[in-house]
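Below: the structure, in structure tokens.
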Amino acid sequence: MSSSSSQNNNIAALKKAAAVRLMIFDVDGVLTEGTLQFGAEGEVCKTFNVLDGQGIRLLQAAGIQTAIISARQSPIVAKRAADLEITHVMQGIHDKKIAFLELSAVLNIAAANCGYIGDDIIDLPVLARVGFSASVPNGHSEVKSRVDYLTQAFGGQGAVRELCDFILQAQGKYDDMLARFLA
């Protein structure tokens with residue numbers, strides 16, 4: 001891809017990110033590295049990145065709603081979502097398109113004002129409908145080739161924070177959010 005083509009894609013992604021009023025996150029492979037660790041009793045362990053959590057909190061502080069749509073059902077995800085005050089958490093969802101359509105209808109937010117980050121083909125129906133789509137470098141190639149924004153950081157390693165910062169910058173809110181910590 002040429003430098004000007006890459007620049008044009010970035011400008012287009014910035015314009016789409018500027019319209020986001022609801023950002024929706026997949027979990028496994030996005031908020032986590034996608035690795036499932038099983039304990040002796042069969043419990044699943046997941047690792048979350050604190051930078052990602054702070055990014056989500058910054059979005060919320062800037063007036064952007066947040067949500068999770070995940071195919072897996074996990075009390076760990078419910079706990080993490082509660083810690084981050086993410087009120088819209090949909091787990092055990094295998095048809096993410098229906099969940100997305102229901103969520104956007106309940107919140108009365110048009111698809112053009114929604115963003116979604118996912119990493120696998122189960123996410124494609126939502127990624128195709130939102131106004132701003134994103135993925136991670138360790139995502140499936142079919143997903144990465146169809147999104148507006150591809151993070152540099154891998155899932156579970158700060159990708160969500162990078163995305164949140166990008167959205168805040170696109171909306172001209174990043175400096176105000178940062179100023180809260182510099183005062």
Side-chain angles (χ1 to χ4, degrees), residues 9-10 12-35 46-60 62 64-72 74 77 80-81 84-91 93-101 103-104 107 109-171 173-174:
N9 288 343
N10 195 40
L14 280 166
K15 286 181 181 177
K16 291 180 177 188
V20 171
R21 292 179 41 222
L22 168 66
M23 187 63 211
I24 307 164
F25 305 93
D26 177 33
V27 176
D28 296 319
V30 173
L31 284 168
T32 73
E33 292 179 357
T35 302
K46 298 175 189 251
T47 302
F48 297 93
N49 187 298
V50 295
L51 291 175
D52 291 344
Q54 183 63 40
I56 290 170
R57 288 190 178 279
L58 290 171
L59 284 185
Q60 294 164 338
I64 298 168
Q65 294 191 60
T66 56
I68 288 174
I69 299 177
S70 179
R72 296 184 57 84
S74 169
V77 171
R80 182 64 172 150
L84 295 174
E85 300 178 1
I86 300 172
T87 56
H88 309 289
V89 181
M90 305 168 90
Q91 294 193 74
I93 305 297
H94 296 283
D95 189 338
K96 292 186 176 189
K97 176 181 79 173
I98 290 174
F100 165 68
L101 294 173
L103 180 62
S104 62
L107 296 176
I109 298 176
N113 298 113
C114 295
Y116 184 84
I117 181 168
D119 69 318
D120 208 344
I121 58 175
I122 191 172
D123 300 306
L124 287 173
V126 180
L127 290 166
R129 285 168 175 74
V130 294
F132 175 64
S133 60
S135 190
V136 293
N138 52 319
H140 193 279
S141 61
E142 291 295 335
V143 174
K144 294 188 302 185
S145 69
R146 290 174 164 80
V147 296
D148 301 310
Y149 183 79
L150 185 64
T151 66
Q152 293 180 11
F154 279 48
Q157 298 179 10
V160 167
R161 176 55 178 275
E162 177 187 331
L163 177 69
C164 293
D165 288 352
F166 183 82
I167 293 168
L168 292 169
Q169 289 167 349
Q171 295 187 4
K173 298 176 180 178
Y174 182 82

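- Note that CD1 of Ile117 is 11.5 Å distant from CG of Asp148, once rounded to the nearest 0.5 Å.
- Within a 6.0 Å sphere centred on NZ of Lys97, heavy atoms belonging to other residues, nucleotides or ligands number 12 at most.
- Side chains of Thr47 and Thr32 form no contact here, defined as non-hydrogen atoms less than 4.5 Å apart.
- Side-chain contact between Phe48 and Val27 is present, with heavy atoms from C-beta onward closer than 4.5 Å.
- Here the CG-CD1 distance, from Asp26 to Ile69, works out to 9.0 Å after rounding to the nearest 0.5 Å.
- Note that CG of Leu22 is 8.0 Å distant from OG of Ser104, once rounded to the nearest 0.5 Å.
- Leu150 approaches Lys144 most closely through the heavy-atom pair CD1-CG, 3.8 Å.
- Judged purely by distance below 3.5 Å, without hydrogens or angles, the side chains of Ser70 and Gln91 never pair a donor atom with an acceptor atom.
- Asn49 contributes a side-chain N or O that, together with a main-chain N or O of Leu51, makes up a donor-acceptor pair within less than 3.5 Å.
- Residues Lys46 and Asp28 form a side-chain contact, since some pair of their non-hydrogen atoms from C-beta on lies under 4.5 Å apart.
- When all heavy atoms are compared, the tightest approach of Arg161 to Asp52 is N-OD1, 3.0 Å.
- Side-chain contact between Cys114 and Phe100 is present, with heavy atoms from C-beta onward closer than 4.5 Å.
- For Pro137 against Ala153, the heavy-atom pair with the smallest separation is CD-O, 3.1 Å.
- Contact of the Leu107 side chain with the Arg21 side chain is not registered, since no non-hydrogen atoms from C-beta on lie closer than 4.5 Å.
- Panel note: side chain Arg57, backbone Gly53; no donor-acceptor pair is recorded below 3.5 Å.
- Side-chain contact between Val20 and Met23 is present, with at least one heavy-atom pair separated by less than 4.5 Å.
- Between Leu14 and Phe166 the shortest side-chain heavy-atom distance falls below 4.5 Å.
- Residues Asp119 and Ser135 have side chains that never bring a donor and an acceptor to within less than 3.5 angstrom of each other.
- The nearest pair of heavy atoms linking Ile121 to Val143 is N-CG2, 3.8 Å.
- Taking each heavy atom of Cys164 and Phe25 in turn, the nearest pair found is SG-CZ, 4.2 Å.
- Summarising the geometry of Ala134 relative to Leu127, their closest heavy-atom pair is O-CD2, 3.6 Å, with the distance given to 0.1 Å.
- Counting only N and O atoms by type, the side chains of Tyr149 and Lys16 include no donor and acceptor under 3.5 Å apart.
- In summary, the side chains of Gln157 and Glu33 do present a donor paired with an acceptor at a separation below 3.5 Å, with no hydrogens or angles considered.
- Side-chain contact check for Val77 versus Ile68: some heavy-atom pair is nearer than 4.5 Å.
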